[in-house]
Number of protein chains: 2
Amino acid sequence: MDRHQTEKDDETSAPGRPTLKTLAFMTGLGVTTVSRALKDAPEIGAETRRRVQLVAKQIGYRPNRAGVRLRTGKTNVISLVLNTEREIMSFVSDIIYGVSEVIADTPYHLIVTPYSRSQDPLDPIRYLVETGSADGVIISRAQPNDPRARYMLERGIPFATHGRTDMGLVHPYHDFDNYAFATEAVRHLAGIGRRRLALLAPPVGLTYHGHTVNGFTDALSEVGASEVPFNTVSIDHSIEQIRMRTAQVMRRQDRPDGFVSSAAAATLAVVAGIEDAGLKLGRDVDVVSKQSSELLHLFRRELLVVNENFRLAGSELARAVLGWIGGAEPGSLQSLSAPGEVLAYRRSG
Amino acid sequence: MDRHQTEKDDETSAPGRPTLKTLAFMTGLGVTTVSRALKDAPEIGAETRRRVQLVAKQIGYRPNRAGVRLRTGKTNVISLVLNTEREIMSFVSDIIYGVSEVIADTPYHLIVTPYSRSQDPLDPIRYLVETGSADGVIISRAQPNDPRARYMLERGIPFATHGRTDMGLVHPYHDFDNYAFATEAVRHLAGIGRRRLALLAPPVGLTYHGHTVNGFTDALSEVGASEVPFNTVSIDHSIEQIRMRTAQVMRRQDRPDGFVSSAAAATLAVVAGIEDAGLKLGRDVDVVSKQSSELLHLFRRELLVVNENFRLAGSELARAVLGWIGGAEPGSLQSLSAPGEVLAYRRSG
DNA sequence: GTGACAATCTGTAACGTTTCAGTATATTGC
DNA sequence: GCAATATACTGAAACGTTACAGATTGTCAC
């Protein structure tokens with residue numbers, strides 16, 4: 001009766017995709033043996049192993065994800081959690097591709113889990129953890145005291161953050177060295193004679209706001225330049241708001257003669273504001289901006305740029321999560337990307 | 001013995017997330033009844049139904065995806081298939097958010113399936129279909145004779161394409177009316193006195209290349225303007241190539257006095273090329289460009305723009321796939337987005 | 001020859017869900 | 001009062017996988 005049951009289905013039911021049962025029938029072995037043979041278990045004879053693997057390859061066997069997931073809890077999914085309104089456009093695109101590159105030859109799938117302004121950023125994380133929807137999570141916009149990181153750390157679910165936290169807790173991250181970016185930017189501006197600098201910073205809640213501001217102010221005192229306060233807007237504000245505030249500050253007599261901007265789109269707004277005030281980039285004022293795709297030099301050739309590679313960030317983050325899932329020490333999965341030189345495409349005037 | 005088995009686990013094993021078994025124990029019903037009650041099956045008493053649903057809500061029951069998927073084959077996954085190298089940056093970002101909006105209050109997850117230049121575009125589709133990894137697929141960069149669409153149509157897997165095909169086969173799609181875009185662009189340029197126009201078109205293989213070219217040439221003869229051939233580059237070419245070719249053509253004496261460009265990034269390159277040749281936008285030549293984020297007017301205020309909304313495209317595509325999955329007629333799930341007016345931010349000179 | 005032991009292989013159960021084929025109980029027709 | 005039928009519920013089996021606890025050999029020491 002058992003025997004009967006075991007054999008009745010498979011030789012006839014060819015149409016579906018092959019399963020362990022199919023392989024078992026074809027090789028004349030038990031499904032357990034096949035299962036173990038496929039993962040190179042030592043208690044299976046070497047020849048049997050090869051034989052099973054050969055047949056599996058030939059007929060294109062692919063383990064059923066639902067079966068594995070149900071049995072083991074392993075989802076083979078990495079979730080990328082993104083803010084629907086606030087992420088930089090090229091960030092989304094590049095980080096996805098970066099992650100994809102790394103997981104391409106693994107069984108992992110990438111799922112994108114979005115959340116919107118109105119929601120608690122913890123919501124999507126809770127969902128993922130409670131439903132066990134992913135083996136690992138990547139979050140962006142890290143905060144010094146990040147409830148999401150804390151939450152995942154408590155539940156023991158592997159994750160990596162884009163940006164660092166500052167809670168005395170150790171976890172994988174990848175970050176761009178925004179302190180170095182800001183200091184280099186200030187030094188460069190000082191080097192071309194700029195002395196009154198303004199910073200268009202990242203939004204206040206995020207960790208790299210602090211890094212950027214610190215780099216900026218440290219370098220200011222190093223080179224003996226002064227700061228023109230410009231903290232009523234951040235790169236998260238709308239193009240229009242940034243443009244207006246820039247125009248305002250540029251119309252004052254104590255206006256800045258140099259800007260440091262943390263994002264390319266925001267830089268477009270800053271330049272527009274400068275020109276609204278009737279001033280000329282490269283003559284009256286210089287702007288150093290981060291950019292993630294090499295387009296700013298087309299916009300205004302006088303712009304000074306520092307490149308940040310989000311695709312690299314994506315790869316690093318993916319590597320970090322996979323590493324943690326694979327059992328590596330979280331502390332060994334942290335990386336910091338150094339900014340390159342400040343690039344001047346061409347000076348005008 | 002059965003009895004014993006059935007009851008032994010659940011009252012004690014609280015820690016894990018609730019399953020149908022948990023609910024069955026709590027309500028004193030069988031798992032079958034609970035399962036049916038949760039999906040409002042008519043053969044379950046009205047009061048029982050309400051009771052089960054109440055308890056389920058209270059304890060936060062969520063069906064286990066792996067269980068459902070294994071049993072029914074339903075994955076509750078939509079896959080967005082993207083070309084790692086060729087997609088427009090903002091397209092990736094916006095379409096993901098557009099899709100997300102629509103699937104937010106459904107059980108669907110969005111997985112991103114990338115493929116690179118080197119691969120056959122059919123590869124990722126085959127993978128998805130063979131492994132049954134998604135209930136529905138969204139593809140971009142539709143071709144007149146699209147093997148991916150044909151393949152999925154043959155296997156009966158629901159999908160939607162960004163862009164139309166032209167194979168006499170009916171399937172859901174969303175498209176921007178690029179024919180209308182091109183005609184409007186040409187008319188506008190003619191309206192401001194431009195008579196020798198060049199088109200920076202989409203790459204030749206894609207369906208909307210044809211739409212754009214047809215709109216362009218039809219409108220040319222309508223307004224009695226002439227075409228300056230510019231088909232050695234497309235918007236898929238690199239910034240540098242487009243820039244160089246533009247500069248070349250602008251140095252000839254029979255140079256164009258108007259451009260129509262199908263993508264914003266490419267437009268930056270065109271403008272750079274124009275200026276390389278020592279000419280001035282808005283005086284010597286005008287450019288009408290599509291854009292998907294409202295940034296071009298910051299770049300050069302003389303640019304003429306037509307907006308294309310990729311977030312909308314994402315939503316429409318998601319709605320289309322879900323509709324097909326839900327049993328709607330594929331032919332009823334097609335939409336075309338009309339371009340708005342050509343927007344002139346400010347004329348110079 | 002026998003007991004011990006390693007080397008290979010195997011069946012059963014379980015993960016959580018839905019479908020199928022029932023089983024009780026109440027209701028109806030007559 | 002009894003069969004037929006509707007109503008409300010139920011257990012068993014199956015989806016494909018892996019872990020567990022064997023089972024069957026063959027080999028070796030003595």
Side-chain angles (χ1 to χ4, degrees), chain A residues 1-10 13 15-25 27-52 56 59 61-76 107 131-133, chain B residues 1-10 13 15-25 27-52 56 59 61-76 107 131-133:
Chain A
M1 208 184 186
D2 282 330
R3 199 123 286 286
H4 178 242
Q5 212 174 31
T6 308
E7 292 180 7
K8 77 158 172 263
D9 325 327
D10 239 66
S13 67
R17 33 190 285 245
T19 70
L20 288 182
K21 215 150 121 191
T22 321
L23 283 179
F25 176 73
T27 55
L29 298 162
V31 298
T32 304
T33 312
V34 172
S35 172
R36 317 216 65 182
L38 286 177
K39 35 180 65 70
D40 269 323
E43 60 266 48
I44 306 296
E47 199 205 302
T48 307
R49 237 147 55 190
R50 279 205 316 277
R51 193 159 62 91
V52 170
I59 67 173
Y61 167 77
R62 310 268 208 152
N64 179 305
R65 314 190 116 232
V68 175
R69 179 164 171 179
L70 181 56
R71 177 64 235 238
T72 64
K74 182 128 209 278
T75 61
N76 284 309
T131 61
S133 288
Chain B
M1 208 183 184
D2 283 329
R3 199 122 287 285
H4 178 241
Q5 211 174 34
T6 306
E7 293 181 5
K8 76 158 173 263
D9 326 326
D10 241 65
S13 66
R17 31 189 288 241
T19 70
L20 287 183
K21 213 150 123 192
T22 321
L23 282 179
F25 177 74
T27 56
L29 299 163
V31 299
T32 304
T33 312
V34 172
S35 172
R36 317 213 64 179
L38 285 177
K39 34 182 63 71
D40 269 324
E43 60 268 46
I44 304 296
E47 199 205 301
T48 308
R49 240 147 51 190
R50 280 205 316 276
R51 193 158 63 91
V52 171
I59 67 173
Y61 167 77
R62 310 268 209 152
N64 178 304
R65 312 189 117 236
V68 175
R69 180 164 170 179
L70 181 56
R71 176 64 232 236
T72 65
K74 182 129 209 279
T75 61
N76 284 309
T131 62
S133 289

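Below, chain A is the first sequence line, B the second, and so on; all start at residue 1.
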Inset, instruction - Would you kindly give the CG-to-P distance between A:Leu70 and C:dT17, to the nearest whole Å? - result: 9 Å

Inset, instruction - Please round to the nearest 0.5 Å and tell me the distance separating atom CG of B:Asn76 and atom CZ of B:Arg65. - result: 5.0 Å

Inset, instruction - Rounded to the nearest angstrom, tell me the gap between atom OH in A:Tyr61 and atom P in D:dG16. - result: 10 Å

Inset, instruction - Hey, could you give me the CZ/CG distance between A:Arg36 and A:Leu29, rounded to the nearest 0.5 Å? - result: 13.5 Å

Inset, instruction - Return the residues of residues 45-52 of chain B meeting this criterion: a heavy atom under 4.0 Å from some atom of DNA chain C. Order them by number, or give none. - result: none

Legend entry - DNA chain D contacts among residues 31-43 of chain B, heavy-atom distance under 4.0 Å: B:Thr32, B:Thr33, B:Glu43

Inset, instruction - Name the nucleic acid region contacted by B:Gly30, choosing base, sugar-phosphate or nothing; use a 4.0 angstrom heavy-atom cut-off, strictly under. - result: sugar-phosphate

Inset, instruction - Could you tell me whether a side-chain N or O of A:Arg49 sits under 3.5 Å from a main-chain N or O of A:Ile44, the two making a donor and an acceptor? - result: yes

Legend entry - Distance in angstrom units between B:Leu20 CG and C:dT17 P, rounded: 4 Å

Inset, instruction - Scan B:Gly28 against the nucleic acid and name what it touches under 4.0 Å (heavy atoms): base, sugar-phosphate only, or nothing. - result: sugar-phosphate

Inset, instruction - Figure out the CZ/C1' separation between A:Arg65 and D:dG16, and round it to whole Å. - result: 14 Å

Inset, instruction - Report the distance from atom OG1 of B:Thr22 to atom CD1 of B:Ile59, rounding to the nearest 0.5 Å. - result: 6.0 Å

